[in-house]
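As structure tokens, the structure follows; a few thoughts come after it.
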Protein chains: 2
Amino acid sequence: MSTIKAVAARAGVSTATVSRALSNPEIVQPETRARVQEAIEALHYAPNHAAKSLRMLRTSKIMVMVPDVSNPFFSEVLRGAEEAAQGAGHSVLLGDTRGDETREAQYAEMLLRKEADGLIFLGHRMPPSLARVAAARGGHAPLVNACDFSAEHGVAGVHIDNSRAAAEAMGLLYSMGHRRVGVIAGPLESHLTRERLAGVERAAIAAGAERGLTIVHADYTIESGLQETTRLLAAPERPTAVFCFSDEIAVGALSACRARGVACPTGLSIVGFDDVRYARFLDPPLTTVRQPMAEIGRTAVKLLLDILAGEAAPREPVTLAHELVVRASTGPAS
Amino acid sequence: MSTIKAVAARAGVSTATVSRALSNPEIVQPETRARVQEAIEALHYAPNHAAKSLRMLRTSKIMVMVPDVSNPFFSEVLRGAEEAAQGAGHSVLLGDTRGDETREAQYAEMLLRKEADGLIFLGHRMPPSLARVAAARGGHAPLVNACDFSAEHGVAGVHIDNSRAAAEAMGLLYSMGHRRVGVIAGPLESHLTRERLAGVERAAIAAGAERGLTIVHADYTIESGLQETTRLLAAPERPTAVFCFSDEIAVGALSACRARGVACPTGLSIVGFDDVRYARFLDPPLTTVRQPMAEIGRTAVKLLLDILAGEAAPREPVTLAHELVVRASTGPAS
DNA sequence: GATGAAGATGTAAAGCATTACATAAGGGAG
DNA sequence: CTCCCTTATGTAATGCTTTACATCTTCATC
């Protein structure tokens with residue numbers, strides 16, 4: 001490929017002028033600029049990013065670490081992040097960790113090697129090497145957690161009020177007369193799970209229905225939702241409603257109902273979480289807690305860019321609005 | 001951050017030795033290596049990637065351009081690609097184009113600026129600046145198309161036999177006695193759409209049912225599937241079956257059926273395409289053409305890495321196996 | 001006409017790691 | 001003991017761009 005030197009030679013100027021013509025056109029004389037432009041086009045010149053990055057100590061890249069890109073929730077958040085990054089002249093480095101600590105550590109390393117200016121992580125675990133960075137720089141570390149925020153890390157974060165959202169979902173079920181309610185939660189290691197469970201319990205206590213509460217744990221996949229729901233349905237005193245911590249789990253729950261001949265919502269009311277794109281198109285359309293997924297992604301990027309721009313005050317975690325969307329998968333307890 | 005120079009100073013060796021200790025440990029004396037290692041850890045040294053990349057003229061990055069990350073088909077392919085890239089010591093730069101030519105061109109630029117070693121694109125359009133590269137270097141350009149391959153570009157590609165797959169799907173419907181069949185295809189600009197339509201027509205002719213064929217176009221979204229199916233159902237001689245060019249479209253079709261009180265499959269048989277993760281959990285479980293999504297992603301990366309490794313012969317496009325998966329959304333024509 | 005400011009462009013250092021080539025030390029063979 | 005080969009390490013060039021600082025014009029002002 002051609003270098004800036006070749007362009008400079010062809011245009012009969014110095015490399016400095018070429019550089020200026022590209023990054024600061026108004027300070028070079030129009031005729032000079034035109035000559036440079038001609039040379040650039042003739043030689044198909046494109047500035048070498050590595051050299052630029054080395055010199056400027058910035059990469060214009062943001063690493064986004066997700067547990068599973070093919071999960072519709074994460075992919076929507078990712079999309080929002082990608083959009084915002086792109087809009088701000090950055091690009092997204094994708095890290096799919098599969099929930100694996102080794103992979104997480106590897107991606108975290110990339111930040112230290114300066115392959116990205118900052119990192120957004122969507123899991124609940126912060127790799128140790130990042131924890132060190134965060135500890136050293138506090139809220140100014142170029143790290144943002146999305147969704148599964150835990151204040152103890154001292155890093156910036158975006159999330160919804162998981163506790164309240166869960167309480168509202170449970171409240172809906174209780175208000176419809178359900179007393180035996182199953183909750184298919186995520187893994188307990190996750191801060192998010194614990195937050196939501198706190199909301200669940202609060203709602204159960206408020207409704208005086210703690211005794212009817214059954215909590216089981218799944219891993220957010222359809223299959224685990226199917227399995228746990230099947231188990232719940234087989235119990236002697238089976239629940240009349242389930243609250244699933246993701247729409248994927250809810251899809252599994254619906255599937256379990258069909259397999260056992262239980263109608264939804266008459267036999268079992270189902271509430272999901274996330275409101276992924278297909279939730280409203282399920283049969284029956286799913287009652288669920290909508291998270292503003294794209295907005296979460298965009299906000300995470302915005303926070304990160306603010307930090308990179310060196311904004312003064314350490315960031316408060318941002319809480320975005322959720323919404324309980326009532327559709328046809330919930331009905332009165334029979 | 002600390003540099004290799006700092007490490008060298010602390011370990012009492014030259015920077016060359018530090019570099020060797022990292023990339024070629026066996027050629028440095030164990031004691032020296034240990035001293036270097038100690039210094040690296042003490043200083044939390046991590047090699048600056050920009051410098052390395054500048055020097056080595058490689059970035060260890062692969063750009064993957066998708067029309068929409070949040071589409072389950074693309075996100076599965078992406079996941080496969082990410083996995084393979086990661087396994088080969090590369091990382092993935094994500095470009096979500098939203099089908100927008102400007103964005104496509106922007107991401108293509110990144111290849112020219114050497115922000116990535118190669119590019120995999122999942123749309124049907126090849127940005128002009130890449131077409132130039134491809135023309136210049138033929139099958140040796142670091143470009144791979146996944147899914148929507150057109151031989152005319154002269155770039156490497158991975159795909160399934162779309163024409164045959166479509167013919168098989170239609171064949172299933174015809175074998176079940178359907179004569180009036182709707183096809184909800186993708187946009188005609190796409191090579192993939194034209195391939196599949198060729199298969200559709202072949203099957204229709206073989207079944208002597210061309211007259212009963214209605215072809216409409218959607219954009220692969222649930223909403224467009226819903227809309228087109230609604231339209232088909234409203235026709236005076238409405239079809240008894242529809243073949244959708246994606247599972248997302250099929251979800252829309254199912255939704256349209258429910259809205260109009262048409263039972264599936266008794267009132268309308270539905271065939272999808274892709275076999276995304278939730279297809280089998282729909283109600284009824286969706287008959288669909290399975291594409292090996294993760295495998296497509298992995299193969300695309302493999303092809304790209306082969307090209308980057310400078311393998312001799314220009315690559316033949318790779319055709320992977322598909323499979324018609326018959327579930328409950330199809331039944332005999334009534 | 002001299003002085004100074006403003007504007008345009010050039011010179012060269014800096015950013016950091018890799019590696020070809022040079023050097024030094026150690027060991028074996030003659 | 002000398003010479004050569006091997007092994008371990010150092011020296012310095014290289015990859016390409018950006019930008020502080022220097023230089024040179026040009027023009028306005030007194």
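The figures here come from the full heavy-atom set of this structure, side chains too, leaving out hydrogens, waters and symmetry mates. By convention in this document, chain letters (A, B, ...) are assigned in the order of the sequence lines, proteins followed by strands, and residues within each chain are numbered from 1.
The residue among B:Val28 and B:Ala50 whose nearest nucleotide of DNA chain D lies closer to the 5′ end is B:Val28. Toward the 5′ end of DNA chain D lies the nearest nucleotide of B:Gln29, the other residue of the pair A:Ser2 and B:Gln29 mapping further downstream.
Per the geometry, CD belonging to A:Glu115 stands 14 Å off C1' belonging to C:dC16, to the nearest Å. The NZ atom of A:Lys114 sits 9 Å away from the P atom of C:dC16 (whole-angstrom rounding). Spacing between atom CG of B:Leu54 and atom C1' of C:dG15 amounts to 9 Å, rounded to whole angstrom units. C:dG15 atom P lies 22 Å from atom CZ of A:Arg113, rounded to whole Å. Atom-to-atom, CG of A:Asn48 to C1' of D:dG15 comes out at 8 Å; the value is rounded to the nearest Å. Rounding to whole angstrom units, CZ of residue A:Arg55 and C1' of D:dC16 are separated by 11 Å. Spacing between atom CG of B:Leu22 and atom P of C:dT19 amounts to 12 Å, rounded to whole angstrom units. Rounded to an integer number of Å, the gap from B:Met56 CE to C:dA17 P is 13 Å.
Electrostatic pairing of B:Arg98 and A:Glu83 counts as a salt bridge here, judged by a charged N lying under 4.0 Å from a carboxylate O. Comment: B:Glu76 does not engage B:Arg79 in a salt bridge, judged by the lack of any side-chain N to carboxylate O separation of less than 4.0 angstrom. With respect to the salt-bridge test (charged N to carboxylate O, under 4.0 angstrom), the residues A:Glu115 and A:Lys61 do not qualify.
The side chain of A:Thr15 contributes no N or O atom lying less than 4.0 Å from OP1 or OP2 of C:dG10. Between B:Tyr45 and C:dC16 there is no side-chain polar atom (N or O) within less than 4.0 angstrom of OP1 or OP2. In this structure, B:Thr3 does not reach the C:dG15 phosphate: none of its side-chain N or O atoms is under 4.0 Å from OP1 or OP2. Listed pair A:Thr32 / C:dT9 meets the phosphate criterion, a side-chain N or O lying under 4.0 Å from OP1 or OP2.
If you check every strand for non-hydrogen atoms under 4.0 Å, B:Val18 touches nothing. B:Thr17 comes within contact range of the sugar-phosphate backbone alone, with a heavy-atom separation under 4.0 Å but no base atom that close.
A donor N or O paired with an acceptor N or O is not found under 3.5 Å between the base of D:dG15 and the side-chain atoms of B:Arg58.
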(message) Could you walk me through whether B:Val28 and B:Val36 satisfy the side-chain contact (heavy atoms from CB on, under 4.5 Å) test, starting with their C-alpha distance in whole Å, then the side-chain angles of each, then the deciding distance to 0.1 Å, before giving a yes or no?
(response) CA-CA 10 Å; B:Val28 344; B:Val36 170; 5.9 Å; no

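To the nearest 0.5 Å, atoms CG (A:Asp68) and CG (A:Leu78) are separated by 11.0 Å.
Counting only heavy atoms from C-beta on, B:Ala51 has its side chain closest to D:dG15 among D:dG10, D:dG15, C:dT9. Taking the side chain of A:Ile4 as heavy atoms from C-beta on, and the options C:dT9, D:dT18, C:dC16, the nearest nucleotide is D:dT18. Checked against C:dG10, C:dT19, C:dT18, the side chain of B:Ala16 finds its nearest nucleotide in C:dT19.
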